[in-house]
Number of protein chains: 2
Amino acid sequence: MTNLGDLEIFARVVSSGSMSAAGRALGFSPAVISKRIKRLEDRLGTRLLQRTTRQISLTEAGQGFYDRVLGILTGIEEAEAYASGRSSQAQGVLRISAPTSFGRMHIAPHLTGFMKDHLDLKLHIVLTDDFTDIVAEGFDMAVRIGELTDSSLVARKLAPVRRLLCASPDYIARNGAPNEIGDLARHFCLPAHNNDNWKLEGPEGSLVWHPEGPLVTNSSEIVRAAVIAGAGIALRSTWDIGPELRSGQLVQVLPQWEGSKNLTLSAVYPSRQFLPAKVRLFIDYLAALYGPVPYWEQ
Amino acid sequence: MTNLGDLEIFARVVSSGSMSAAGRALGFSPAVISKRIKRLEDRLGTRLLQRTTRQISLTEAGQGFYDRVLGILTGIEEAEAYASGRSSQAQGVLRISAPTSFGRMHIAPHLTGFMKDHLDLKLHIVLTDDFTDIVAEGFDMAVRIGELTDSSLVARKLAPVRRLLCASPDYIARNGAPNEIGDLARHFCLPAHNNDNWKLEGPEGSLVWHPEGPLVTNSSEIVRAAVIAGAGIALRSTWDIGPELRSGQLVQVLPQWEGSKNLTLSAVYPSRQFLPAKVRLFIDYLAALYGPVPYWEQ
DNA sequence: TTGAGCTTTTCCATTTCGGAAACAATGGCA
DNA sequence: TGCCATTGTTTCCGAAATGGAAAAGCTCAA
């Protein structure tokens, strides 16, 4: 019969990329790790890890097995938390992946509020703009901005995402404001990294504009700084430049045009029959925080 | 760290209702079962089973834990089957719950066709008209006829369900055929057990008729036999009386009226990230068998 | 009241498990 | 190119766990 420890060890070996490292993390000698991986492979009749003495890689069977094992382990964690009566109470470690800018501006400031209600919970937050495979990377959930797709994940909408064209008053004073969409051709535009093309919706329907400008970067933080500094016109989300619009550091241009509306801010997590309390609570917290009309829209 | 054997033992104790029985089933002495249940409870800090020396019942925590453990165990089974390369091949035991009549008429005859393609698979089929909790009862899937509801289960539609009013020619000869819906009041009607009221849809909209007749039973098999024997008018599904309609043993009455159409034949299974191959294959088999227009409708 | 059948405890034999050490293999670095 | 630190594997041994038999305590039904 399968030993659960073998699965934990296997998962740790994969996530740490080495048997020795897994052994150190779990408090076992390398010998034990090696033996139990071998035993697991023998029982399954398959090689899970392709190993040289210096590095380890997953076989195809190993990859699929690993994805499943992660689900099983968190399932067990959740079942034990439930039975231990800590079901409605968050406990353990909550691993979250979130976009860098949004995470810094609209998650980080609210974390303390969540943590003080859940003292037994540790948060691991990774900010990245890569669309990581949350199940393979071992995340409990991710906050994402994008179109809702993704097969095996459940998405819960947190807020709509509005994107506006904007520039600094300074820039407008120097270059004038565009009156119609074609005027953009005579302006400095600041494309952001993963949407080189601007999908815009206006009174006359939708349109794709290819922005051209002096600055190309993969960092939306740099675009943000550049537009505030008066470098040109950018298409920015309201959550990103809401305060600047209110304070007058930025003004909207071509207000009849907005970014295409099929973007949403959502929380995604692996589909599971029983969602761990920590995940449910955190998503509820975010949803309540942003509400139907997020504070950055008001 | 949790021992997987403890979970298997716990699940078996619950499903068999006794520690001794679980021990016999798993090949352990009663002493071992007792010790490991105790260990599990100690680790969780909760009592899972309320026990007297003669019988065992689940505590609330135990019930929730049991539901989760079942998911975990089948998850492990699936993960191992995947890694063993038997992923696309059905293997193990497939436990199915199905309605009695439908199961006898439209599942049982086709089982051999499925089994000969999957020699490593054993089938456990339980026919019952109770809406059992498939996850708690340890079923992999169920075939159901009804309105699509149910929260945590995934339903896949297999076929629409049409229900017609019918009677034997013999009965019609003796009693005449009803011409309009109100005529039913002067006829013998045969209600079936779980739909005492007939929800009908006709040209003038829908209607609920309360059938009155000399025979009341909870067995749809008896209703079926009765209507064929000429005891009255019944509302039967086409999958039930299709052959009799074709052979002339039964004729449709009030053809402008049919049973309400929001009934479907569907396969339901617990929502899981990785569906076991055996379940997927069997559902595919049934779906292909019945097709968009089931053979009993043709 | 009795007895069958259940759970639990105790003690013992057996198996399994983990670690240290020795060994083999690889890749980085001088 | 050659050295060496690091890594995975194997072997052997002590320690811990597991499973079983027997006995005890209990409950329900006849």
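Residue numbering restarts at 1 for every chain, and letters A, B, ... go by the order of the sequence lines. Quantities reported herein were computed from a predicted structural model and do not represent experimental measurements.
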Quiz item: For the base of D:dG20, is there a side-chain donor-acceptor partner from B:K35 under 3.5 Å away?
Solution: yes

Let me have the donor-acceptor pairs involving side chains of residues 105-115 of chain B, under 3.5 Å, with sequence neighbours excluded, atom names and distances please.
from	atom 1	to	atom 2	distance (Å)
B:H106	ND1	B:Y295	OH	2.7
B:H106	NE2	B:W239	O	2.6
B:H110	NE2	B:Y295	OH	2.8

Practice problem: Sequence neighbours left out, what passes salt bridge (Lys or Arg N to Asp or Glu O under 4.0 Å) with A:D67? Give chain and number order. | Solution: none

Quiz item: Starting at CD of A:Q55 and ending at C1' of D:dT9, how long is that distance when rounded to a whole Å?
Solution: 18 Å

Quiz item: To the nearest 10 degrees, what angle separates the axes at the start and end of the helix from C:dT1-D:dA30 to C:dA30-D:dT1, five pairs each?
Solution: 30°

Self-check item: Set of ring pair (Phe, Tyr, Trp, His ring centres under 6.0 Å) partners for A:F65, sequence neighbours left out
Solution: A:F10

Quiz prompt | Interatomic distance, A:I56 CD1 vs C:dA25 P [rounded to whole Å] | solution = 17 Å

Quiz prompt | Interatomic distance, B:D6 CG vs D:dA17 P [rounded to whole Å] | solution = 13 Å

Self-check item: Side chain of B:A31 (C-beta onward), nearest among C:dT9, C:dT7, C:dG19
Solution: C:dT9

Quiz prompt | Whole angstrom value for the distance that separates P of C:dT8 from CZ of B:R47 | solution = 7 Å

Exercise. Give a yes/no on whether any side-chain N or O of A:S20 is located under 4.0 angstrom from OP1 or OP2 of D:dT6.
Key: no

Exercise. Using the test ring pair (Phe, Tyr, Trp, His ring centres under 6.0 Å), find all partners of A:H124 that sit at least two apart in sequence or belong to another chain.
Key: none

Self-check item: Contact list for residues 9-24 of chain A, test salt bridge (Lys or Arg N to Asp or Glu O under 4.0 Å), sequence neighbours left out
Solution: none

Practice problem: Would you name the heavy atoms of A:A11 and A:L73 that are closest together and state the gap between them? | Solution: CB-CD1, 3.8 Å

Exercise. Report the distance from atom CD of A:Q50 to atom P of D:dT9, rounded to the nearest whole Å.
Key: 11 Å

Quiz item: Please give, in whole Å, the distance from D:dG19 P to B:M19 CE?
Solution: 15 Å

Quiz item: OP1 or OP2 of C:dT7 less than 4.0 angstrom from a side-chain nitrogen or oxygen of B:S34, does that happen here?
Solution: no

Distances under 3.5 Å only, N/O to N/O: pair up the protein atoms with those of nucleotides 13-17 of chain C.
from	atom 1	to	atom 2	distance (Å)
C:dC17	OP1	A:R39	NH1	3.1
C:dC17	OP2	A:R39	NH1	2.5

Practice problem: Say whether, by atom type as modelled, one donor and one acceptor occur between the side chain of B:E41 and the main chain of B:L49 under 3.5 angstrom. | Solution: yes

Quiz item: Just how far, in rounded Å, is P of D:dA17 from NZ of B:K38?
Solution: 15 Å

Self-check item: B:T128: side-chain contact (heavy atoms from CB on, under 4.5 Å) partners, not counting sequence neighbours
Solution: B:S97, B:V126, B:D130, B:T132

Quiz item: With a 4.0 Å cut-off on heavy atoms, is A:I33 in touch with a base, just the backbone sugar-phosphate, or nothing at all?
Solution: nothing

Practice problem: Return no unless some side-chain N or O of B:R51 is found under 4.0 Å from OP1 or OP2 of C:dT8. | Solution: yes

Practice problem: For A:G27, report the nucleic acid contact type (base, sugar-phosphate, nothing); a contact means any heavy atom under 4.0 Å. | Solution: sugar-phosphate

Quiz item: side-chain contact (heavy atoms from CB on, under 4.5 Å) with A:A31: which residues, sequence neighbours excluded?
Solution: A:S29

